[in-house]
Number of protein chains: 2
Amino acid sequence: MRKEFQILDDFIRQKALRRTPQRENVLDVFIRVEGHVSLDELSRFVKKKYPKIGYTTVYRTMRLLAETGLCNEVDFGHGVLRYEHKYNHSHHDHLVCKKCGRYIEVFDPQIEKMQDKLAAKCGFKPDSHRLQIFGVCSKCQARYNKKSK
Amino acid sequence: MRKEFQILDDFIRQKALRRTPQRENVLDVFIRVEGHVSLDELSRFVKKKYPKIGYTTVYRTMRLLAETGLCNEVDFGHGVLRYEHKYNHSHHDHLVCKKCGRYIEVFDPQIEKMQDKLAAKCGFKPDSHRLQIFGVCSKCQARYNKKSK
DNA sequence: TTTGTTATTGAAAATAATTTTCAATAGGTT
DNA sequence: AACCTATTGAAAATTATTTTCAATAACAAA
Ligand SMILES: [Mn+2]
Ligand SMILES: [Mn+2]
Ligand SMILES: [Zn+2]
Ligand SMILES: [Zn+2]
């Protein structure tokens, strides 16, 4: 059994919740998804493999998984919440391409450090942050250059 | 006349739109607001001074002001769009206190530079970004310490 | 295994912010 | 003054998210 199911089970036991096939099935689908998936998208993926599982259950399970630390809620400011993997994925920030909609993951330890310093300078105690850089990815730049030739 | 009204007028003329009292009145109220105001809040402020002006007009006028560059739309991930002044206000990032909800404006030119570098390393062409650090502000920390004594 | 308690499910309804519609009004040009 | 059409604002629509509630199922105890 994959470690992720173990984590879910442990959480369920610890909180005196109940093991259900739906919860494991949603996790099963989510594990195979990569990238940043909306509830709507994920729910459709779940429906393909487990047609009986409703949207609401996917919604509630993802909130549960977020509690366990298996996933992360990410908001790119487009009016839709997205979920990304957190287990075995370290913290990162995002480049958001406004042409193709891709989310590119980046990380810079220096920026992270300077953010902490910046907060400290204000006596602010940080516990999370989000950094999103919006623009045009390299692929879309290439595509655009081709067209305009 | 304040420069802001001039900017609005210029924009209206340039785009062949129409000068209306409503638009100037919404700007008049927004100019006196400081901080980061939601449409709901702003609409109530507008109603106090100009009771005839409806929510929809405030909504549309703020979008117009955003186009002129007089205001900025800011999304702190709480499901409500907020507006802040842009005219005579330079770019900055935000510390968001999850206790009192205050938004503290900060700026660090080094972080800005490193963000550009980070994007460049991916061949990404940035045109805007948002950095928000969530946590507890100094005032709320002090208040909490007092209570727990 | 059976029973009892109560968490979970999922369809439907509710919520809430934002956006659109449309008939009446009013800005600005001729 | 007449005309055209942008603007207004109440109401309706939209859309993602959250809640409700009756039926079901998990799981502990008998
Ligand atoms: Mn990511
Ligand atoms: Mn600000
Ligand atoms: Zn792209
Ligand atoms: Zn605070």
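Side chains are part of it too, since the values below use all heavy atoms of this structure and drop only hydrogens, waters and symmetry mates. All chains are named by letter (A, B, ...) in the order of the sequence lines, taking the proteins before the strands, and each is independently numbered beginning at 1.
You'll find a donor-acceptor pair under 3.5 Å spanning the side chain of B:Arg18 and the base of D:dT5, going by distance alone. Counting distance only, with no hydrogens placed and no angle test, the side-chain atoms of B:Arg60 and the base atoms of D:dG9 include a donor-acceptor pair under 3.5 Å.
For the pair B:Arg63 CZ and D:dT7 P, the interatomic distance rounds to 15 Å; values are reported in whole Å. Rounded to whole Å, the distance from CG on B:Leu64 to P on C:dT18 is 18 Å. Distance A:Glu24 CD to C:dT9 P: 11 Å, rounded to the nearest Å. Rounded to a whole Å, the CE atom of B:Met62 is 18 Å from the C1' atom of D:dG9. Rounded to whole angstrom, the span from the CZ atom of A:Arg19 across to the P atom of C:dT9 amounts to 13 Å. As a whole-Å value, the separation of B:Lys15 NZ from C:dG28 P is 18 Å. Nucleotide D:dT20 holds its C1' atom 13 Å from the OH atom of A:Tyr59, rounded to whole Å. The interatomic distance linking B:Arg23 (CZ) with C:dT25 (P) rounds to 19 Å, in whole Å.
Residue A:Ile31 comes nearest to A:Phe5 through the heavy atom pair CD1-CE1, 3.6 Å, listed as atom of the first residue, atom of the second, then distance.
Dashed line: the shortest gap from a side-chain N or O of B:Ser38 to OP1 or OP2 of C:dA17 is not under 4.0 Å.
Using a 4.0 Å cut-off between charged side-chain N and carboxylate O, A:Lys121 and B:Asp108 make no salt bridge. At a threshold of 4.0 Å, the pair B:Asp75-B:Arg130 counts as salt-bridged, since one of the basic side-chain nitrogens sits closer than that to a carboxylate oxygen. Ion pairing between a basic and an acidic side chain is recognised when a charged N comes within 4.0 Å of a carboxylate O; A:Asp28 and A:Lys49 show such pairing.
Both B:Thr56 and A:Asp40 lie near DNA chain D, and the one whose nearest nucleotide falls closer to the 5' end is B:Thr56. Between B:Val80 and B:Gln22, the residue anchored nearer the 5' end of DNA chain C, judged by the nucleotide with its closest heavy atom, is B:Val80. When the nearest nucleotides of DNA chain C are assigned to B:Ile12 and B:Leu39 by heavy-atom distance, the more 5′-ward of the two goes with B:Leu39.
A distance-only check finds no donor-acceptor pair linking the side chain of B:Arg13 to the backbone of B:Arg19 [under 3.5 Å].
Of all nucleotides listed (D:dT8, C:dT18, D:dT7), D:dT8 comes nearest to the side chain of B:Thr57.
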